[in-house]
Amino acid sequence: MPKVGDEASNKQLIFRDYVTGLPKESDMYVTTSTIKLKVPEGFHGVLVKNLYLSCDPFMRLRMPRVTLNGYSSSYTPGAPLTGYGVAKVLDSGHPDYKAGDLVWGITGWEEYSLITPTEGLKSLEQGLKKIQHTDVPLSYYTGLLGMPGMTAYAGFYELCSPKKGEYVFVSAASGAVGQLVGQFAKLLGCYVVGSAGSKEKVDLLKNKLGYDDAFNYKEEHDLDAALKRYFPEGIDIYFDNVGGKTLDAVLLNMRVHGRIAVCGMISQYNVHQQPEGVQNLTCLLFKRIHMVGFSVLDHHQLYPKFIETVLPYIKEGKIVYVEDMVEGLESGPAALVGLFSGRNVGKKVVVVARE
């Protein structure tokens, strides 16, 4: 086991080159470099050992040469991927962090990372959050207690203004965010239906995650008719993770003064030439629908309130969370690419080290 100050080998998952269309496993490769396990003199950052890495759809948005305006910068070909992860601080040049601290935030897809303030969300303090509660699985900080959990919490409670008894629809409902939105809605007393892409995921939604009902969108040739079947009185809240045809059908089925939180549009991320248009936007006007896109980065100040709300639910068994784990950086390309064909069941996590 290498110690602080030693030279150590550092396995890394490298981004090969800019991507158009569907990402492939060959767009990434594993290599091994060396790293000195010490923060350089005068460096205002931390050296961490990465434990768990989070596979997130937004990472696809960083793979083209040019990213969408206002979004993160592109990955650098020849450099490691970066994304959310859980890590242990080995050495620190920052007064707020010390060796042994467990943290979650933006890190490299590698065994060890030297993290500078600019790699955080807006500063090191916001970019790396110290893990105070270790009586839950550490991997939860890639999902349930990390960015996806915060996304579900902010999007549902802050943007959708839910009320007991309302009708809620969630797309990609068994994913890292969707599985939580549904449970938050049920805890509030809403009626909740989710869509997913396989029988296994539909069963998971109904039998483990507490959804009132669920359907496999791949088996529905007419999404408008499907939504009318599940929501004969219409939809009050739509938590959108997919965009495209599903969003278009939902617009026809929204109730007056309905709310739509646009969290993601995974159906469109790999459509390079001709993204699907949305035909039914007149519904926004006639039904006075409030539809808003959002990013969790705008809501980091809610994190203490989020933890205070969610931790008791976990400990009381009122919230469950499904993880889909793979071992080792070598498994990273398949894990990441699999998000876009629905191979994951629950939150996809790459285990780099367990301690």
Side-chain angles (χ1 to χ4, degrees), residues 56-58 60-61 68 70-71 147-162 166-186 188 190-197 201-202 205 209 211 213-218 220 223-224 226-228 230-231 234-271 275-285 287-299 339-340 342 344 347:
D56 294 301
F58 83 86
R60 171 64 186 88
L61 302 178
L68 294 172
Y71 212 79
M147 181 274 289
M150 265 291 290
T151 301
Y153 180 85
F156 184 64
Y157 289 115
E158 297 293 313
L159 300 180
C160 292
S161 305
E166 288 193 312
Y167 299 101
V168 177
F169 177 50
V170 184
S171 55
S174 67
V177 174
Q179 58 175 298
L180 270 174
V181 174
Q183 292 180 82
F184 287 153
K186 285 306 299 173
L188 196 62
C190 299
Y191 175 79
V192 193
V193 176
S195 64
K201 292 178 181 180
V202 168
L205 291 172
L209 296 173
Y211 274 70
D213 217 330
F215 63 90
N216 181 350
Y217 70 89
K218 293 177 182 174
E220 301 290 346
L223 285 171
D224 176 32
L227 290 169
K228 283 182 167 54
Y230 289 99
F231 294 100
I235 299 166
D236 293 296
I237 291 171
Y238 173 42
F239 199 98
D240 186 14
N241 290 305
V242 302
K245 295 186 175 100
T246 302
L247 172 59
D248 219 18
V250 167
L251 286 166
L252 294 172
N253 289 277
M254 292 296 291
R255 301 178 81 179
V256 171
H257 299 303
R259 286 85 73 205
I260 299 175
V262 182
C263 172
M265 293 202 169
I266 197 168
S267 74
Q268 304 303 297
Y269 293 165
N270 302 304
V271 183
E276 291 172 342
V278 176
Q279 313 278 321
N280 298 317
L281 287 175
T282 50
C283 296
L284 291 179
L285 173 63
K287 297 183 182 182
R288 286 87 80 199
I289 297 164
H290 181 69
M291 177 171 164
V292 60
F294 75 102
S295 167
V296 71
L297 304 187
D298 296 331
H299 299 279
L339 291 179
F340 303 101
N344 60 303
K347 172 66 196 166

**Study point:** From OH (Tyr217) to CG (Leu227), nearest 0.5 Å
**Key:** 14.0 Å
Exercise for review: Please report the closest heavy-atom contact between Leu205 and Ala214, naming both atoms and the distance.
Suggested key: CD1-CB, 3.7 Å
**Study point:** Sequence-distant partners of Lys347, salt bridge (Lys or Arg N to Asp or Glu O under 4.0 Å), two or more places apart
**Key:** Asp56
Check your understanding: Residues in side-chain hydrogen bond (donor to acceptor under 3.5 Å, both in side chains) with Glu220, at least two apart?
Key -> Arg229
Check your understanding: So how far is it from Gln183 CD to Tyr211 OH, rounded to the nearest 0.5 Å?
Key -> 8.0 Å
Check your understanding: Do the non-hydrogen side-chain atoms of Glu158 and Asp298 ever get within less than 4.5 Å of each other?
Key -> no
Review point. Can you list every salt bridge (Lys or Arg N to Asp or Glu O under 4.0 Å) pair that touches residues 166-175, not counting sequence neighbours?
Key: Lys163-Glu166, Glu166-Arg259
Check your understanding: CD1/Ile235 to OH/Tyr167 distance, rounded to the nearest 0.5 angstrom?
Key -> 11.5 Å
**Study point:** All ring pair (Phe, Tyr, Trp, His ring centres under 6.0 Å) counterparts of Phe184, not counting sequence neighbours
**Key:** Tyr157
**Study point:** Derivation of the side chain to side chain contact (heavy atoms under 4.5 Å, CB included) call for Thr151 and Phe294
**Key:** CA-CA 9 Å; Thr151 301; Phe294 75 102; 3.9 Å; yes
Point to revise | All side-chain contact (heavy atoms from CB on, under 4.5 Å) counterparts of Asn280, not counting sequence neighbours | key: Asp248, Leu251, Leu252, Cys283
Practice item. Using the test side-chain contact (heavy atoms from CB on, under 4.5 Å), find all partners of Val292 that sit at least two apart in sequence or belong to another chain. Key: Leu159, His290
Review point. Should Leu180 and Phe156 count as side-chain neighbours, where that means a heavy-atom distance under 4.5 Å?
Key: no
Point to revise | Rounded distance (nearest 0.5 Å) linking atom NZ of Lys201 with atom OG of Ser195 | key: 10.5 Å
Revision key, fill the gap. Closest non-hydrogen contact found for Pro57 with Leu339 is N-CD1, 3.7 Å
Check your understanding: Can you name the residues that form a side-chain hydrogen bond (donor to acceptor under 3.5 Å, both in side chains) with Tyr153, not counting sequence neighbours?
Key -> none
Practice item. Tell me, please, which residues at least two apart from Tyr230 pass side-chain contact (heavy atoms from CB on, under 4.5 Å). Key: Val193, Asp213, Phe215
Review point. Short question: side chain of Lys245, backbone of Leu223 - any donor-acceptor pair under 3.5 Å?
Key: no
Exercise for review: State, to 0.1 Å, how close Asp236 and Met254 come at their nearest heavy-atom pair, and which atoms those are.
Suggested key: O-CE, 3.6 Å
Check your understanding: Quick one: side-chain contact (heavy atoms from CB on, under 4.5 Å) partners of Lys228, sequence neighbours excluded?
Key -> Asp224, Asn253
Only distances under 3.5 Å count here; give the side-chain donor-acceptor pairs of residues 169-177 to other protein atoms, sequence neighbours excluded, each with its distance to 0.1 Å.
unit_1	atom_1	unit_2	atom_2	d
Ser171	OG	Tyr238	OH	2.9
Ser171	OG	Asn241	N	3.0

